[in-house]
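The model shown is predicted, which means the values in this text are computed figures rather than measured ones. Naming: A, B, ... by sequence-line order, numbering from 1 per chain.
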Amino acid sequence: MQPASQPPQSVEQLLERAQALAGYSLGELADLANLQTPADFRRHKGWSGQLLETWLGAEAGSKPEQDFPELGVELKTLPIDSQGKPLETTYVCYAPLTGIAGISWEHSNVKNKLACVCWVPIEACRDIPPAQRRVASAFLWQPNARQEQALRQDWEEIMEMIALGQVENITARHGEVLQLRPKAADGNALTQAIGKDGQWIQTRPRGFYLKKNFTQALLQHAFLDL
DNA sequence: AAATGATCATGA
DNA sequence: TCATGATCATTT
């Protein structure tokens, strides 16, 4: 087995490739790709995701697009515990803090990113060294009507607060399934936003994240036998 | 113990 | 600086 040399030509091929990785440890996959596995993720936080991108043939880069634009599919790793519960929230995308007049949910980056996701769960309790963490069974997901409605409602509430100059009053507690949190290199990073009196202010950049209750439900639906 | 707010590496 | 890939680590 070896990493893909080309992007997958179809969604089916992508899913096949992803499911073929189930059961392998990150250390095994790194060795087969001639990559070094870090001893911990303190300084390598995105390593798992980049390893999977390599294996599945995603284009490297940081474009604000899906990982597989030809297929309209986004790739996301999801750290889980031994019971299959998410260990972390899931980053979705950067949140626009300016120029947001007229942005609708239908044209939002969040909706676009989550239109179709290839989820790759990884058993990743913090007491397991990265090399020994195992890939679980990948699955494809497209939001159903209820899920999209829940995402849309949170997104619209958060974006309205941003538009009204309330960005600094938004905490991670807002939103049932989608939350807004800082997303930056450090506390010194600043970007422009709308202030409470409509003026420009400088604030910490923000990102949208999926809360654990939401991704846990996705896992349950994906693997529930009915 | 869980969740929020903070942080790390990299590329364009 | 923005955006990608996320996990860390302090606070609750």
Side-chain angles (χ1 to χ4, degrees), chain A residues 3 7 18 26 29-30 33 35-69 73-83 85-100 108-110 112-114 117-133 135 154 158 162 167-193 200-216:
Chain A
L26 298 183
L29 294 178
L35 297 171
Q36 294 290 313
T37 307
D40 63 66
F41 286 159
R42 279 179 296 185
R43 294 183 174 276
H44 301 272
K45 297 183 181 182
W47 186 85
S48 305
Q50 295 181 340
L51 177 66
L52 268 292
E53 286 181 348
T54 297
W55 271 92
L56 300 177
E59 304 293 334
S62 57
K63 297 175 288 249
E65 299 168 5
Q66 290 145 323
D67 294 295
F68 301 100
V73 177
E74 174 74 8
L75 175 69
K76 292 229 164 279
T77 60
L78 181 60
I80 57 171
D81 65 16
S82 57
Q83 301 178 79
K85 296 176 60 175
L87 289 165
E88 297 286 350
T89 55
T90 302
Y91 171 67
V92 179
C93 61
Y94 231 66
L97 302 182
T98 61
I100 55 183
S108 69
N109 209 171
V110 173
N112 180 248
K113 285 274 183 159
L114 300 181
V117 180
C118 179
W119 292 96
V120 183
I122 299 176
E123 283 188 64
C125 285
R126 289 196 193 181
D127 57 0
I128 306 174
Q132 295 172 33
R133 299 184 185 186
V135 177
D154 286 347
I158 291 167
I162 293 172
V167 64
E168 297 196 308
N169 295 327
I170 303 173
T171 72
R173 298 167 192 78
H174 286 84
E176 296 295 319
V177 298
L178 190 69
Q179 63 183 180
L180 193 75
R181 304 221 306 278
K183 173 63 172 169
D186 55 53
N188 298 319
L190 291 174
T191 192
Q192 199 169 52
W200 293 122
I201 60 169
Q202 293 291 115
T203 192
R204 296 175 3 268
R206 305 301 209 283
F208 283 109
Y209 295 78
L210 295 177
K211 298 177 77 167
K212 289 191 215 172
N213 59 356
F214 188 76
T215 47
Q216 178 166 6

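- In this structure, A/I122 and A/P79 have side chains that are not in contact, with every pair of non-hydrogen atoms separated by 4.5 Å or more.
- Looking at heavy atoms from C-beta onward, A/E168 lies in side-chain contact with A/I201 at the 4.5 angstrom threshold.
- Summarising the geometry, the separation between CZ on A/R181 and C1' on B/dA3 is reported as 8 Å, rounded to the nearest angstrom.
- With DNA chain C read from its 5' end, the first of the two nearest nucleotides for A/L52 and A/L190 is the one closest to A/L190.
- Evaluation of the side chain to side chain donor-acceptor pair (under 3.5 Å) test over residues 42-57 of chain A, restricted to residues two or more places apart or in two chains, returns A/D40-A/R42.
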Exercise for the section: Starting from the C-alpha separation in whole Å, work towards a yes-or-no answer on side-chain contact (heavy atoms from CB on, under 4.5 Å) for A/L26 and A/V135. Expected result: CA-CA 7 Å; A/L26 298 183; A/V135 177; 4.0 Å; yes
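- Using a 4.0 Å heavy-atom distance criterion, A/P79 is classed as a sugar-phosphate-only contact.
- Residues A/G46 and A/E88 both approach DNA chain B. Their nearest nucleotides, taken by heavy-atom distance, put A/E88 toward the 5′ side.
- Rounded to an integer number of Å, the gap from CG of A/L87 to C1' of C/dA9 is 15 Å.
- Straight-line distance from the CD atom of A/Q216 to the P atom of B/dA3: 10 Å, rounded to whole Å.
- Within residues 90-100 of chain A, no residue has any heavy atom closer than 4.0 Å to DNA chain B.
- When the side-chain nitrogen and oxygen atoms of A/R173 are compared with OP1 and OP2 of B/dG5, one or more of them lie within a distance under 4.0 Å.
- Residues A/E88 and A/K212 form no side-chain contact, since every pair of their non-hydrogen atoms from C-beta on lies 4.5 Å or further apart.
- Contacts of A/P64 with the nucleic acid, taken as non-hydrogen atoms under 4.0 Å apart, involve only primed sugar atoms and P, OP1 or OP2.
- A/K113 comes within contact range of the sugar-phosphate backbone alone, with a heavy-atom separation under 4.0 Å but no base atom that close.
- In terms of phosphate contacts, A/T191 brings a side-chain nitrogen or oxygen within less than 4.0 Å of OP1 or OP2 of C/dC2.
- Residue A/Q36 places its CD atom among 12 or fewer non-hydrogen atoms of other residues, nucleotides or ligands, all under 6.0 Å distant.
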Please tabulate, for the side chains in residues 178-186 of chain A, all donor-acceptor contacts under 3.5 angstrom to protein atoms that are two or more places apart in sequence or on a different chain.
residue : atom : partner : partner atom : Å
A/Q179  : OE1  : A/R181  : NH1          : 2.5
A/Q179  : NE2  : A/A172  : O            : 2.9
A/R181  : NH1  : A/T89   : OG1          : 3.0
A/R181  : NH2  : A/T89   : OG1          : 3.4
A/D186  : OD1  : A/N188  : N            : 2.7
A/D186  : OD1  : A/A189  : N            : 3.3

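- Residues A/F214 and A/T90 form no side-chain contact, since every pair of their non-hydrogen atoms from C-beta on lies 4.5 Å or further apart.
- Between A/T89 and C/dA6 there is no side-chain polar atom (N or O) within less than 4.0 angstrom of OP1 or OP2.
- Protein atom CD of A/E176 is 15 Å distant from nucleotide atom C1' of B/dA3, rounded to whole Å.
- In this structure, CG of A/D81 is placed 16 Å from C1' of C/dT7, rounded to the nearest angstrom.
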Handout entry: Evaluation steps, side-chain contact (heavy atoms from CB on, under 4.5 Å), between A/W200 and A/T98
Key = CA-CA 9 Å; A/W200 293 122; A/T98 61; 3.5 Å; yes
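- Side-chain contact between A/L114 and A/L210: present, with at least one pair of heavy atoms (C-beta onward) separated by less than 4.5 Å.
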For nucleotides 9-12 of chain B, print each protein N/O atom paired with a nucleotide N/O atom at under 3.5 Å, atom names and distance only.
residue : atom : partner : partner atom : Å
B/dA9   : OP1  : A/R43   : NH1          : 2.6
B/dG11  : N2   : A/S62   : OG           : 3.2

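- Remark: the backbone N or O of A/L75 is paired with a side-chain donor or acceptor of A/D67 at under 3.5 angstrom.
- When side chains are defined from C-beta on, A/P64 does not count as touching A/Y94, because their heavy atoms never get closer than 4.5 Å.
- Straight-line distance from the CG atom of A/L178 to the C1' atom of B/dT4: 15 Å, rounded to whole Å.
- Contact check of residues 122-133 of chain A against DNA chain C (heavy atom, cut-off under 4.0 Å) returns A/R126.
- Considering only residues two or more places apart in sequence or on other chains, A/P69 meets the side chain to side chain contact (heavy atoms under 4.5 Å, CB included) condition with A/E65.
- Using a 4.0 Å heavy-atom criterion, one finds that A/E74 contacts the sugar-phosphate atoms exclusively.
- Protein atom CD of A/E65 is 18 Å distant from nucleotide atom P of C/dC2, rounded to whole Å.
- At a cut-off of 3.5 angstrom, counting only N and O atoms as typed in the model, there is a donor on one side and an acceptor on the other between the side-chain of A/Y209 and the base of C/dA6.
- The separation between A/F208 atom CZ and B/dT4 atom C1' is 17 Å, rounded to whole Å.
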